[in-house]
Amino acid sequence: MDFFLRIAEDRIKQALERGDFENLSGKGKPLPQDDLLIPEDLKIAYKILKNSGFLPPEIQDLKEIQNTEELIKNIKDEGEKYKQIKKLNLMVTKLNLRRTRPINFEKEQVYYEKIVDKIGTKK
């Protein structure tokens, strides 16, 4: 293990001497935080889950919502489309109820598609 550590340190020193780290984007700025919305008491647990390949429930829900939205775009049958929109709106409602962020960050439900399907025309 020490052998690999020495190799890594030597390569870092060589890169420093060449100036490879001088003009990096973000130099002198804080590292981006991808867990800004996670409460302090859950950050370590979420980081462990993320490193293990698991996602927080909110992210899983957002992916499921996105998949359902894609499914709805390709549905031709009005009855099935309406059923999937109801399912989508239920998922969005559950996601929004769990959130502790301001309302302007909430995911919106899908009513436009339903109205357009009933009227039969788009703008």
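Everything quoted here is computed from the prediction, not taken from an experiment. Because only heavy atoms are used, hydrogens play no part in the values below, and waters and symmetry mates are left out as well, while side chains stay in.
With values rounded to the nearest 0.5 angstrom, Leu90 atom CG is found 11.5 Å from Leu95 atom CG. One finds the OG1 atom of Thr93 at 9.0 Å from the CG atom of Leu88 (value rounded to the nearest 0.5 Å). A distance of 12.0 Å separates CG in Leu49 from CD1 in Ile44, rounded to the nearest 0.5 Å. To the nearest 0.5 angstrom, Glu9 atom CD is 11.0 Å from Ile7 atom CD1. To the nearest 0.5 Å, atom CD1 of residue Ile85 and atom CD1 of residue Ile72 are 5.0 Å apart.
Classification of Lys81 and Glu78 as a salt-bridged pair fails, no side-chain N sitting under 4.0 Å from a carboxylate O.
Sparse packing is recorded around CG of Asn23, with 12 or fewer heavy atoms of other residues, nucleotides or ligands lying under 6.0 Å away. In this structure, Arg11 places its CZ atom where only 12 or fewer heavy-atom neighbours from other residues, nucleotides or ligands lie under 6.0 Å away.
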Step by step, would you call Gln60 with Lys63 a side-chain contact (heavy atoms from CB on, under 4.5 Å)? CA-CA 5 Å; Gln60 288 176 335; Lys63 284 189 173 200; 5.8 Å; no
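Taking the side chain as every heavy atom from C-beta outward, Met91 and Asp61 never approach each other to under 4.5 Å.
Side-chain N/O atoms of Glu70 and Gln66 include no donor and acceptor closer than 3.5 Å.
Membership of the apolar cluster around Leu24 extends to Ile12, Leu16, Phe21, as traced through chained side-chain contacts below 4.5 Å between ILVMFWY residues. Hydrophobic clustering, defined by side-chain heavy atoms of Ile, Leu, Val, Met, Phe, Trp and Tyr closer than 4.5 Å, groups Leu71 together with Ile75.
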